[in-house]
Amino acid sequence: MGLFSQRPFSERTATWLQQSGLHPLLARLYAARGLESPEELSLDLKQLLSPIELKNCISTASLLADILERKEPMLIVADYDCDGATACAVGLRGLRMLGGPETPIHFLVPNRFTMGYGLTPEVVELAAQQSPKPKYLITVDNGIASEAGVDRARELAMEVIVTDHHLPGDRLPKATAIVNPNQPGCTFPSKALAGVGVMFYLLVALRAELRKRGKFTNETQPKVENLLDLVALGTVADVAQLDRNNRVLVSNGLKRIRAGVSQPGIQALFQAAVRDPRKANTFDLGFAIGPRLNAAGRLADMTLGIRLLLTDNADEAMMIAQELDRINRERRGIETGMQEAALAHLAEDQLTGTIAQRTSICLWNPEWHQGVVGIVASRLKERFNRPAIVFAPADGSTGEELRGSGRSLTGFHLRDALDIVSKREPDLILKFGGHAMAAGLTIRKSDFEKFDVCFQEVASSLLTDELLERRHTHDGALQAFEFTPEIGDLLAEEIWGQGFPQPVFYGEFEITQQSLMKEKHLRLMLRPVGMAADNKPLSAVWFNRTQSLPAKAKLVYRLVTDRYQGQARVQLMIEAHDEGVGA
């Protein structure tokens, strides 16, 4: 159940967009997503915001130009997720492009199980042992909360350049430079840049600085735009808000993938995922390519994923991509087991109805895997429409600590909620970080119940009934003539994602056939009410639903084009059933 409502849009804007040559359906969808004029339709690279307003970007580019000239050794310290891996690859490839192939730059990615997140003092000590010892540490997708790590680096005669997009804590680290659109005093209009986007911006500014110094001309400068396939992957996989600036980055990255000129590692991941790169879309990046790369950091070591993104050898890329595919299958098996255990644990709450009274879900299990807790939290959040935090034993803590990952609902800022808990109970959370929709934290095992109660209290004070009511926002009905493979292709080519949601439609259907597929998915044949009876019924799938539907049902669905043996046909992916009377 839940509330069903159509996304409002201005008819006037939709007409204006349509008159500029946009397909009528896209004109309506874009108007509903806040576009106001035909000028906003262009996702050309020229539309990118300038690096000038990104605080410290220009001065840091100047510092990097000096470092490149002096050939001082640098070490990129990456995060172990897809955004961190792509940001690391963009940084390494970009600095070698601009400084020459002999640039003394290497990378280090902390093991999430033994060292935790970010530039910790332990990571800094490991960095100091690299040969040659780096003079500069450059963080990507982390570092904004690494006060102790930055202090330790200075003690060991290393300087730190922080590039990050996470929200800062109360104090900034004493780094040599910080580039982060979310730091105090930064007027950059897009706060939604992912870590990889921040690194890309720094390279654009560095290239301009080197041009100014006479190292390149406009004609001879390296094409850092060739790295946009990596920027697109990291941005989509990190579920960054797709504001216009991010859509420009993602659109141009996808163009490279579709044109067959992406990095060998990305091409190999498409092959391993059995996806056609010529038809690459944001859905592929978020649900097929991103998870395979992320699997390395979840179960093994993200060094493997970064090696894949750095290699120019197609055979090596294919070998690593197949290994990542294997690790991802293993991850799925672990995730399924954890999810079943979590649902079994919550089943009693569901039977007694207490799950409805809870405003948050916190779970832990001694058997659970630390690398997969975030995905399970995400699944529980989706299923119960509650903020969810899932914990597992932290490696290297002699079994005394739990490491958790949380996912949130729109309107409930998870990092801020954890901040409130930590201020109310100063010794309860050992460390935490993140942003509105996702966050990570560490607590003592002995404090789990206390944390659950405190977090529940904060969630109850901040979450309204309205936020906890499951909402299905849709884009209205499709006309009978719009159920075509061409419309499916048209929708697939657009840049949809967080903040610019993929279209879902609403309509009443006659269900002509239904059966179970693999015992857990509902397969349907249906016909839109009002469609001529001589029209062939449409195929539809509702994943992870086993309950059958009535003969007539109001459904929320996505329209996709399914290709099989050279034949294109429409398929509906069902997302919800409106059982409300007169809905």
Going by an N to O cut-off under 4.0 Å, is there a salt bridge joining Glu323 and Arg326? yes
Nearest-0.5 Å distance, CG of residue Leu230 to CG of residue Leu227: 6.0 Å
Audit row: Arg275, Leu269, side-chain contact (heavy atoms from CB on, under 4.5 Å) steps and yes/no: CA-CA 9 Å; Arg275 298 286 173 124; Leu269 282 170; over 6 Å; no
Have Asp243 and Ser190 got a donor and an acceptor in their side chains that come within less than 3.5 Å? yes
Salt bridge or not for Arg563 and Asp489, using N-O below 4.0 Å? yes
Between Tyr30 and Glu494, do the side chains contain an N or O donor and an N or O acceptor separated by less than 3.5 Å? yes
Distance only, no hydrogens: is a donor on one side chain within 3.5 Å (strictly under) of an acceptor on the other, for Gln514 and Ser548? no
Nearest-0.5 Å distance, CD of residue Glu40 to CG of residue Leu35: 4.5 Å
Run through Asn142, Asp83, Asn180 and flag the one making a side chain to side chain donor-acceptor pair (under 3.5 Å) with His165. Asp83
Approximate separation, where rounding is to 0.5 Å, of Ser539 OG and Met573 CE: 8.5 Å
State whether Glu225 and Arg207 are salt-bridged, where the test is any N-O pair (Lys NZ or Arg NE/NH1/NH2 against Asp/Glu carboxylate O) under 4.0 Å. yes
Classify the angle between the aromatic ring planes of His521 and Phe543 as parallel (below 30°), tilted (30 to 60°) or perpendicular (above 60°). perpendicular
Give me the ring orientation class for Trp542 and His577: parallel if the planes are under 30° apart, tilted from 30 to 60°, perpendicular past 60°. perpendicular
Is any NZ, NE, NH1 or NH2 atom of the basic residue among Glu382 and Arg407 found under 4.0 Å from an Asp or Glu carboxylate oxygen of the other? no
Can you tell me how far the CG atom of Leu491 sits from the CZ atom of Arg558, to the nearest 0.5 Å? 10.5 Å
Would you indicate whether Arg332, at its atom CZ, is surrounded by more than 12 heavy atoms from other residues, nucleotides or ligands within a distance under 6.0 Å? yes
